[in-house]
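First up is the structure itself, then whatever we jot down about it.
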Amino acid sequence: MSNHDPIDKLLDDAISGHSILKDRRVLQTSHEPETILHRDGELAKTTQSLLPILKKSRPSNLLIYGKPGTGKTLVVKKVLEKIEKRVEKSEFPIKFVYANAKDETTIYGLLVSFGSKIGVDLPTTGLSISTIFKKILDHIKQNSMNVVFAIDEIDYLVELASKTGRDILYNLTRANENLGKDSSLTLIGISNLLSFKERLDPRVISSLGEEEIVFTNYTVDQIKEILAERIKDAFVDNVIDASALNLCAAMAGQEHGDARRAIDLLRVAGELAEREGSNNVTSDHIRRAAQKMEEDKEVTALNAYPLHEKLLIVAVMRSNGASTGEVYHTYKELCKTIRQKEVTQRRATQILSDIELSGLITGKIVHQGIHGRTKKYNLTVQPETIKKAFQNDVILADVL
DNA sequence: ACTCCACAGGAATAACCGGGCG
DNA sequence: CGCCCGGTTATTCCTGTGGAGT
C-alpha cells in the first residue's frame, strides 16, 4: 500500500543528517500497516458481515462505531482490500468505494466522487443531486455491479445535511429495492460518535443499521505493542527508551485508548529528538511532545474564534482574576483602540461563558455582599500561548 | 432583619448570513 | 438574480440572588 519512493527516502535522509528516523511515513496517519494488531474480533465481524458478497448476494448495510483511534478505518479498508483481491480474478463484478465525509464539503461532492470511482463521468456542477443519484444507480444497474460504499465520519454528513441531504442518505440505504437482481449497493457507515444514531432519521437507522459493530478501546498494553510494531519500521534500532514507550502508551491510554494519538505523540517526540541531534528518544521528549501538541491545539482553537471572542480573551488576559464588569471595561478599551464597535455586556457574558465551556478560561461565581454577585475569570492557558496565537492577526496587533 | 449591590442568565425579538431554489 | 428559510449572533428588557453593611 504505502509506496516507499526511493527519491523521497533519499531526500528525507539528506534533510536530517544522521537520522534516528528510518521512515517517518510509518508514523503518519495515512500509513496502513501490513497487519492490524488486536483487532481480530473486529476484522472477523466486518468480514463476516460482508461475506454474502462472495456468494453473489447482497450483504446487509453496516454501521461501525468506535472512539477515535480505535482502528475503524484501517479495518474496513483492509477487509475491503482483501475481498477485492480475492474477487479480482472472478468474473463477478464487485466494486468497493471508500470516501471520507470530512473531505467533501457537500453531499453533492460526495456523490460525484463516488460516481467517478465506479466509472460514471459526472460534471462537477450543473446537475441536481437527484439527477446525479439516478445516473449512478443507472450505471450500477446497467453494468450489473455490486457496489460497497464506505462512508467514513458519516456523522459529518448528517451534520451538514440539509433536508435533501437526509433524503439522499435515505435513498442510498434503500437503493437496492430499485436495483435489479444482478446488482446491489451496500453501505458501510463509520462514525466516531456513539450518539450519532439518535440524530438520524428512524427510517435511515432501520436500513443503515441492519448490522452494527462497535470497536472497543485499546488497552495500554495493546497500544504498547502497536507502537512497538511501528517503531520497528519507523526508527533506527534501539533509539526509543523503554520508559519513553511506556509513557507514550500510558498517556494515550489515559484518554480512551487512542492509538492514533499515541502514534502522533511518538512522531512529534521523534522529530523533536532528531532536531536536537539526540541519539535516542527519551520520556522527556514524549512529555515535551505532548506539551507541544497541547499548545498547538490551543493555538488552533484560539485562532478559530471570531474577533470579539478574541478581544474578550485578551481582556481576561490583561486583567487576570477580574470580574465581569472589569473584563468588560478592558474589553471596551480594547475596542476603542482598534476602532471596533463593542457588543453589549449581556452578549459579552454570553461569549465569556461560551469560551469557558471550551476550557480556555475558567469563571467562578462569587457573592460579594453589598458589592453584588459576579463572575471572576481566569486564564487556563499561558498568556504566552495567547500572544503567540494572536500575533499574526492584523487587527489585534495593536492590543498585544 | 432588611437593604441593595453588580452582576447572572432567561425570554423575546431583531439583524445578519449562507445555502438552496425557482 | 432575488427570494426565502433556518440557524446564528446580538440587542433589549427583564427577574433573581447571597451576603456585607447597616
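Quick note on labels: first sequence line is chain A, next is B, and so on, each numbered from 1. Only heavy atoms go into these numbers, but all of them, side chains included; no hydrogens, no water, no symmetry mates.
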Give the rounded distance in Å between these two atoms: [atom1] of [X] and [atom2] of [N].
X        : N     : atom1 : atom2 : answer
A:Arg373 : B:dA6 : CZ    : P     : 14 Å
A:Lys364 : B:dA8 : NZ    : C1'   : 17 Å
A:Lys376 : B:dC7 : NZ    : P     : 9 Å

Report summary line: Expected list for residues 307-341 of chain A near DNA chain C, using heavy atoms below 4.0 Å, is none
Report task. Could you check which residues of residues 350-363 of chain A get a heavy atom under 4.0 Å from DNA chain C? Sort them by number, please. Result -> none
Query raised in the report: Do A:Lys224 and A:Asn246 have side-chain atoms, one donor and one acceptor, less than 3.5 Å apart?
Result: yes
Query raised in the report: Any side-chain donor paired with an acceptor under 3.5 Å for A:Lys72 and A:Asn192?
Result: yes
Requested in this report: Answer yes or no: does a side-chain N or O of A:Lys375 lie under 4.0 Å from OP1 or OP2 of B:dG9?
Outcome: yes
Query raised in the report: Are any of A:Thr374's side-chain N or O atoms less than 4.0 Å away from OP1 or OP2 of B:dA6?
Result: no
Anything under 3.5 Å between a protein N or O and an N or O of nucleotides 19-22 of chain C, put it in a table, one pair a line.
from   : atom 1 : to       : atom 2 : distance (Å)
C:dG19 : N2     : A:Gly369 : O      : 3.4

Looking at [X], I'd like to know if its [atom1] atom is crowded, meaning that more than 12 non-hydrogen atoms belonging to other residues, nucleotides or ligands lie closer than 6.0 Å.
X        : atom1 : result
A:Lys376 : NZ    : yes
A:Glu384 : CD    : no
A:Asn238 : CG    : no
A:Glu294 : CD    : yes

Query raised in the report: Can you list the residues that meet the ring pair (Phe, Tyr, Trp, His ring centres under 6.0 Å) rule with A:Phe149, with sequence neighbours excluded?
Result: A:Phe114
Query raised in the report: Looking only at atom types and distance, does a side-chain atom of A:Glu276 sit under 3.5 Å from a main-chain N or O of A:Ala273, one as donor and one as acceptor?
Result: no
Query raised in the report: Is a side-chain donor or acceptor of A:Glu274 paired with a backbone partner of A:Leu21 at a separation under 3.5 angstrom?
Result: yes
Query raised in the report: For the base of B:dG10, is there a side-chain donor-acceptor partner from A:Arg346 under 3.5 Å away?
Result: yes
Indicate every side-chain donor-acceptor pair of residues 250-264 of chain A with a distance under 3.5 Å to a residue at least two apart or in another chain.
from     : atom 1 : to       : atom 2 : distance (Å)
A:His256 : NE2    : A:Pro68  : O      : 3.2
A:Asp258 : OD1    : A:Arg260 : N      : 3.0
A:Asp258 : OD1    : A:Arg261 : N      : 3.1
A:Asp264 : OD1    : A:Arg267 : NH1    : 3.1

Report task. With sequence neighbours excluded, tell me which residues meet side chain to side chain donor-acceptor pair (under 3.5 Å) with A:Asp284. Result -> A:Arg288
